[in-house]
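All residue numbers refer to positions in the sequence shown, counting from 1.
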Amino acid sequence: MPVLEIENLSKAFGGLKAVNNFSLALEEGEIVGLIGPNGAGKTTVFNLITGLYKPTSGTIRFLGEEISGLPPFKISQRGIARTFQNIRLFKGNTVLDNVRAVFHPRIKYNFFDALLRTPRFTAEELRVTQKAMELLEALNLDKRANEKAANLAYGDQRRLEIARALATQPRLLLLDEPAAGMNPAEVRHMVQLIRFIKEKYKLTILLIEHQMGMVMNLCERLVVMDFGQIIAKGTPLEIRNNPVVLEAYLGKGATVA
C-alpha cells in the first residue's frame with residue numbers, strides 16, 4: 001500500500017486551474033522530487049495534501065485512508081508534516097520553545113494541572129523538553145537551544161523548521177524548497193541532513209526544490225509540473241535530458257551539456 005496516493009487531483013481558483021488531473025503514488029521510504037518552473041502548481045499540491053486548500057476534484061489517500069478536504073490539524077495528526085518556502089518560526093522565542101510548542105496538542109495534563117503545577121504537569125513538561133532536546137541534538141542545534149530563533153543563521157533556521165516538523169512524529173514529510181537561498185556548501189549539508197532524517201525517523205519524503213543539483217543527487221524519482229499538470233515522470237537521469245522538461249525550463253531547443 002502506498003504511503004500517499006493521489007488520483008486525478010485538481011484545484012481551480014475561479015477560471016484558473018492551478019492543478020489539473022495530478023496523480024502520484026509514494027512508496028514507503030522514497031525521496032521524490034516535485035519540480036517545475038515558478039507558478040507550475042507545486043506548492044498548490046502541497047497545500048492540497050496538507051488541507052490548506054480543498055480539492056475541486058480528485059482524491060488523496062494517506063496510508064489507505066482518504067484525507068481529501070480534511071482540516072490541516074487532522075491531517076497532521078494522521079502523520080503528515082511540512083515545511084514552508086518562507087520560514088515560519090516564533091522568532092522571538094528560544095530555539096527550544098519553538099520545538100516544545102509543537103508538542104502542545106499532545107500534552108497529557110489539563111488546565112488545573114498547569115495552574116497548580118501538579119506532579120503530572122512537572123513530569124509532562126520534563127518529558128516534552130527531553131523530546132525537544134533529542135530532536136535539536138539530532139539536527140545539531142542542541143547547543144543553541146536557549147538562543148532566540150531570530151539569532152540563528154539562515155541555514156540553522158531551516159534546520160529548526162525541520163525539527164518542528166519532526167516533532168509531530170510524521171510518516172510523510174513534505175519539504176518546500178528546503179535549500180532556497182543556500183550557498184553550495186549549505187546545499188550539500190542539507191542533502192546530508194535529509195538523508196539522515198529519512199533513515200533515522202523512517203520517513204517518506206516529497207520535496208519541492210529549484211536547486212537541480214540537489215534533486216538530481218538526492219531524489220530517487222522526479223515528477224515535473226508545468227501549468228498545473230504533470231509533464232514528465234522518471235529517474236533523475238531520465239528527466240535530465242527529457243526534451244519536454246528542457247523546453248519548460250529553458251525554452252524550445254534547449255539542451256543540457
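- Rounding to the nearest 0.5 Å places CZ of Arg188 at 11.0 Å from CD of Gln211.
- Proximity of a side-chain donor or acceptor of Asp156 to a complementary backbone N or O of Leu152 within less than 3.5 Å is not detected.
- A continuous path of Ile, Leu, Val, Met, Phe, Trp and Tyr side chains, each step under 4.5 Å between heavy atoms, connects Leu218 with Leu175, placing both in one hydrophobic cluster.
- Checking side-chain atoms of Glu7 against main-chain N and O of Ile60 turns up no donor-acceptor pair under 3.5 Å.
- A search for salt bridge (Lys or Arg N to Asp or Glu O under 4.0 Å) contacts involving Arg88 returns nothing, not counting sequence neighbours.
- With contacts defined as side-chain heavy-atom distances shorter than 4.5 Å, the pair Glu27/Pro2 qualifies.
- A salt bridge is absent between Lys143 and Glu137: the closest approach of a Lys/Arg side-chain nitrogen to an acidic carboxylate oxygen does not fall below 4.0 angstrom.
- Checking Leu34, Val223, Val224 one by one against Ile230, the side chain to side chain contact (heavy atoms under 4.5 Å, CB included) holds for a single residue, Val223.
- Following chains of ILVMFWY side-chain contacts shorter than 4.5 Å, one can reach Leu48 starting from Phe13, so the two form part of one hydrophobic cluster.
- Put simply, Met225 and Val245 are part of two different groups of oily side chains (I, L, V, M, F, W, Y) that touch within less than 4.5 Å, one to the next.
- In plain terms, the two heavy atoms of Phe103 and Leu135 that are nearest each other are CZ-CD1, 4.3 Å.
- Under the side chain to side chain donor-acceptor pair (under 3.5 Å) criterion, Thr43 pairs with Asp176, sequence neighbours left out.
- Qualifying salt bridge (Lys or Arg N to Asp or Glu O under 4.0 Å) partners for Arg78, counting only residues two or more places apart in sequence or in other chains: Glu65.
- Put simply, Met1 and Val3 are part of the same group of oily side chains (I, L, V, M, F, W, Y) that touch within less than 4.5 Å, one to the next.
- Counting heavy atoms from C-beta on, the side chains of Gln229 and Phe22 never come closer than 4.5 Å.
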* To do: Go through the steps to decide whether Cys219 and Ile31 satisfy the test side chain to side chain contact (heavy atoms under 4.5 Å, CB included), and finish with yes or no.
  => CA-CA 5 Å; Cys219 298; Ile31 302 178; 4.2 Å; yes
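- No donor-acceptor pair under 3.5 Å is formed between the side chain of Thr83 and the backbone N or O of Ile162.
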* **Step-by-step side chain to side chain contact (heavy atoms under 4.5 Å, CB included) determination, Asn146 to Val95** => CA-CA 6 Å; Asn146 295 317; Val95 170; over 6 Å; no
request  = Check step by step if side chain to side chain contact (heavy atoms under 4.5 Å, CB included) holds for Val19 and Tyr53.
outcome  = CA-CA 11 Å; Val19 174; Tyr53 296 157; over 6 Å; no
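- Sorted by first then second residue, the side chain to side chain donor-acceptor pair (under 3.5 Å) pairs that include residues 192-207, not counting sequence neighbours, number zero.
- Counting heavy atoms from C-beta on, the side chains of Lys74 and Ile67 never come closer than 4.5 Å.
- The distance from atom CD of Glu5 to atom OG1 of Thr59, rounded to the nearest 0.5 Å, is 7.5 Å.
- What you find for Arg100 and Ala132 is that their closest heavy atoms are CG-CB, 4.0 Å.
- Checking side-chain atoms of Thr94 against main-chain N and O of Glu147 turns up no donor-acceptor pair under 3.5 Å.
- Formation of a donor-acceptor pair under 3.5 Å by the Glu186 side chain with backbone atoms of Asn183 is found in this model.
- Using modelled atom types, one side-chain atom of Ser23 and one backbone atom of Asn8 make a donor-acceptor pair closer than 3.5 Å.
- Put simply, the side chain of Pro236 does not reach to within 4.5 Å of the side chain of Val215, judged on heavy atoms.
- Sorted by first and then second residue, the salt bridge (Lys or Arg N to Asp or Glu O under 4.0 Å) pairs with a member in residues 29-45 read Glu30-Arg221; sequence neighbours excluded.
- Side-chain contact between Asn140 and Arg159: present, with at least one pair of heavy atoms (C-beta onward) separated by less than 4.5 Å.
- Contact detail for Pro37 and His210: the closest heavy-atom pair is C-CE1, 4.2 Å.
- Closest approach of Leu174 and Phe46 over heavy atoms only: CB-CE2, 3.5 Å.
- Residues Arg82 and Leu172 fail the side-chain proximity criterion, which asks for heavy atoms closer than 4.5 Å.
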Derivation and outcome, side chain to side chain contact (heavy atoms under 4.5 Å, CB included), residues Gln157 and Leu89 | CA-CA 8 Å; Gln157 288 188 19; Leu89 301 173; 3.9 Å; yes
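- Leu24 and Lys233 make their closest contact through CA-NZ, 4.4 Å (heavy atoms, listed as atom of the first residue, atom of the second, distance).
- No side-chain heavy atom of Phe196 sits under 4.5 Å from any side-chain heavy atom of Leu139.
- Contact annotation: the side chain of Leu160 approaches that of Leu136 to within less than 4.5 Å [non-hydrogen atoms, C-beta and beyond].
- Taking every heavy atom of both residues into account, Ala180 and Tyr154 meet most closely at O-OH, 2.6 Å.
- With hydrogens and angles disregarded, no donor-acceptor distance shorter than 3.5 Å links the side chain of Ser76 to the backbone of Pro72.
- Looking at Glu66, its side chain never comes within 3.5 Å of a backbone N or O of Ser68 through a donor-acceptor pair.
- A donor-acceptor pair under 3.5 Å is formed between the side chain of Arg164 and the backbone N or O of Asn98.
- Once rounded to the nearest 0.5 Å, the distance linking CG of Leu203 with CD of Glu28 reads 10.0 Å.
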- Task: Apply salt bridge (Lys or Arg N to Asp or Glu O under 4.0 Å) to Glu161 and Arg158, showing your working.
- Result: CA-CA 5 Å; Glu161 190 181 35; Arg158 283 282 180 196; 3.7 Å; yes
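- Considering CE of Met190 and CE of Met214, their distance stands at 6.5 Å, rounded to 0.5 Å.
- Here the straight-line distance linking atom CG of Leu207 with atom CD1 of Ile194 works out to 5.5 Å at 0.5 Å rounding.
- Note that CG of Leu96 is 6.5 Å distant from CE of Met133, once rounded to the nearest 0.5 Å.
- Not a single side chain to side chain donor-acceptor pair (under 3.5 Å) links Asn242 to another residue, sequence neighbours left out.
- Atom CZ of Arg61 has more than 12 heavy atoms from other residues, nucleotides or ligands within 6.0 Å.
- In the hydrophobic clustering of ILVMFWY residues, with side-chain heavy atoms under 4.5 Å counting as a link, Ile49 and Ile208 come out together.
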